[in-house]
Amino acid sequence: MALNDAAKLLAQARHVVVFTGAGISAESGVPTFRDALTGLWSRFDAQALATPQAFQEDPDLVWGWYEWRRQLVQRVRPNQGHLAVARLATHVPQLTVITQNVDDLHERAGSESPVHLHGSLFSPRCATCSRPAPLPAGDEQPEEGRRVPPPHCAHCAGLIRPGVVWFGEQLPEAALESAARAASECDVLLTIGTSGLVYPAAELPRLAARSGAAVIQVNPQPTPLDPIARVNLVGPAAEILPGLVSAAWS
Ligand code: BV8
Ligand code: ZN
């Protein structure tokens, strides 16, 4: 049965990579990228809003969207899926957590320094001189769809932007390099809650499979990664992961 097969692969693994997408945060109440734009945001397309062009054209709208998302993340909690991933570290000789998510739920669940391929909502920086900027004080959540003018850089007065990787922007080189090295060296890559559509991140599970790793997928929906998954656990992460970890090390 698929769960036992996955548990056996995990229990025997020396180096496990966990690769997560927006789906692992869905059960915490963080909308996935596909359905991030609900309510008043629904008139926008995330892929159009998550671009340097959008910020150029309407910085207040883009800053307002990210501030709304950051405040939302601050109000929710890691779920049983994030906690199970954190527990893996106590069982697996070597664990590398790689996330495409810009929330801090892996950290808050206890995962040490996950690799953030697409940056973070919690590391704003100056769009002009790239100096890191402080997070805005206060925690009132801007209401959905409201424009919020971004702060200005204390050093050069440039506009502050979210510390995320937008479409058309390069991923942080060090993060991508360490992620690719881990994917090519691991015995098992556990891909959780990602549609496997966004590159170059989506290349990682394929790289792991090509390098001989067993890929285990956790997702309620079919994805383009199905053909390379040794085991496909169909269902929500917060339900599947705790059972998987206890089946492997009970
Ligand atoms: C770059 C941060 C180049 C921002 C994000 C054509 C072909 C190939 C590539 C391209 C192309 N045209 C353009 C490109 C490049 C582009 C790309 O890949 N586009 C795609 C759409 C085709 N990539 C880029 O632009 C990247 N940069 O290539 O630079 C370059 C080279 C040289 C010089 C300059 C530039 C940058 C990509 C990073 C974009 N930023 N995030 C923000 O968050 O606002 S990506 C963003 O979308 C998310 O981070 C996420 O990774 C991704 C996908 O969003 P979602 O679908 O929500 O999330 P996910 O994919 O994880 O899917 C949710 C899944 O969860 C689903 O499968 C669902 O079934 C599942 N699920 C739901 N509930 C649960 C669940 N699973 C488990 N449990 C549940 N309960
Ligand atoms: Zn500056």
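Remember, it's 1-based here, ligands and their atoms both numbered in the order they're listed. The analysis underlying the following values was restricted to heavy atoms, covering all of them including side chains, and did not include hydrogens, waters or symmetry mates. Fair warning: this is a prediction, and the values are worked out from it, not measured in the lab.
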Colleague: Can you find a non-hydrogen atom of Glu239 under 4.0 Å from ligand 1?
Modeller: no
Colleague: Between Leu244 and Ala7, what is the shortest heavy-atom contact and its length?
Modeller: CD1-N, 3.7 Å
Colleague: Would you verify whether the NZ or CZ of Arg161 falls within 45 degrees of the ring axis of Trp166 while also being under 6.0 Å from that six-membered ring's centre?
Modeller: yes
Colleague: For atom 63 (C) of ligand 1, which of Gly193, Gly163, Ala26 has the closest heavy atom?
Modeller: Gly193
Colleague: If you take all heavy atoms of Pro224 and Gly196, which pair is closest and at what distance?
Modeller: CG-O, 4.2 Å
Colleague: Going by the order shown, which atoms of ligand 1 are within less than 4.0 Å of some heavy atom of Gly21?
Modeller: 61 (O)
Colleague: For Trp166, counting its heavy atoms only, list the atoms of ligand 1 lying under 4.0 Å from any of them.
Modeller: 36 (C)
Colleague: Which atoms of ligand 1 are found less than 4.0 Å from any heavy atom of Thr32?
Modeller: 57 (O)
Colleague: Using distance alone, determine whether Gly168 and ligand 1 share an N or O pair under 3.5 Å.
Modeller: yes
Colleague: Take Glu185 and Arg14 through the test salt bridge (Lys or Arg N to Asp or Glu O under 4.0 Å) and record every step on the way to the result.
Modeller: CA-CA 10 Å; Glu185 291 168 358; Arg14 190 190 38 77; over 6 Å; no
Colleague: Return yes or no for this condition: an N or O of Tyr66 is under 3.5 Å from an N or O of ligand 1.
Modeller: yes
Colleague: Taking distance alone, with N or O pairs closer than 3.5 Å, would you say Gln170 contacts ligand 1?
Modeller: no
Colleague: Specify side chain, backbone, both or neither for Leu171, according to which of its non-hydrogen atoms lie closer than 4.0 Å to ligand 1.
Modeller: side chain
Colleague: Does Arg70 come within less than 4.0 Å of Glu67, counting only side-chain N to carboxylate O?
Modeller: yes
Colleague: Using the six-membered ring of Trp65, assess whether NZ or CZ of Arg69 lies under 6.0 Å from its centre and within 45 degrees of the ring axis.
Modeller: yes
Colleague: With the side chain counted from C-beta on, respond yes when Leu159 and Cys153 share a heavy-atom pair under 4.5 Å apart, and no when they do not.
Modeller: no
Colleague: Name the option, out of Ser195, Pro224, Pro236, that contains the heavy atom nearest to atom 59 (P) of ligand 1.
Modeller: Ser195
Colleague: Which of these passes side chain to side chain contact (heavy atoms under 4.5 Å, CB included) with His82: Arg108, Glu27, Glu107, His106?
Modeller: His106
Colleague: State the atoms of ligand 1, each with its element, that fall below the 4.0 Å cut-off from a heavy-atom position in Glu27.
Modeller: 78 (N), 79 (C), 80 (N)
Colleague: Give me the number of protein N, O or S atoms whose distance to the Zn ion (ligand 2) is under 2.8 Å.
Modeller: 4
Colleague: Does the side chain of Gln53 come within less than 4.5 Å of Phe167's, by heavy atoms?
Modeller: no
Colleague: What do you reckon, is CD of Glu169 surrounded by more than 12 foreign heavy atoms closer than 6.0 Å?
Modeller: yes
Colleague: Report yes if the side chains of Val164 and Ser120 come closer than 4.5 Å at any heavy-atom pair, otherwise no.
Modeller: no
Colleague: Taking the side chain as everything from C-beta on, heavy atoms only, tell me whether Val76 gets closer than 4.5 Å to Val30.
Modeller: yes
Colleague: Below 3.5 Å, N or O to N or O, backbone or side chain included: is there any such pair between Arg69 and ligand 1?
Modeller: yes
Colleague: Residue-level breakdown please: for Gln47 versus ligand 1, do any non-hydrogen atoms fall below 4.0 Å on the side chain, on the backbone, on both, or on neither?
Modeller: side chain
Colleague: Counting both backbone and side chain atoms, is some N or O of Tyr199 under 3.5 Å from an N or O of ligand 1?
Modeller: yes
Colleague: With respect to Val165, determine whether any N or O atom, backbone or side chain, lies less than 3.5 Å from an N or O atom of ligand 1.
Modeller: yes
Colleague: Ignoring angles and geometry beyond distance, decide whether Val218 reaches within less than 3.5 Å of ligand 1 through its nitrogen or oxygen atoms.
Modeller: no
Colleague: Would you say the side chains of Thr99 and Thr20 form a donor-acceptor pair under 3.5 Å?
Modeller: yes
Colleague: Is the shortest heavy-atom distance from the side chain of Leu176 to the side chain of Pro200 under 4.5 Å?
Modeller: yes
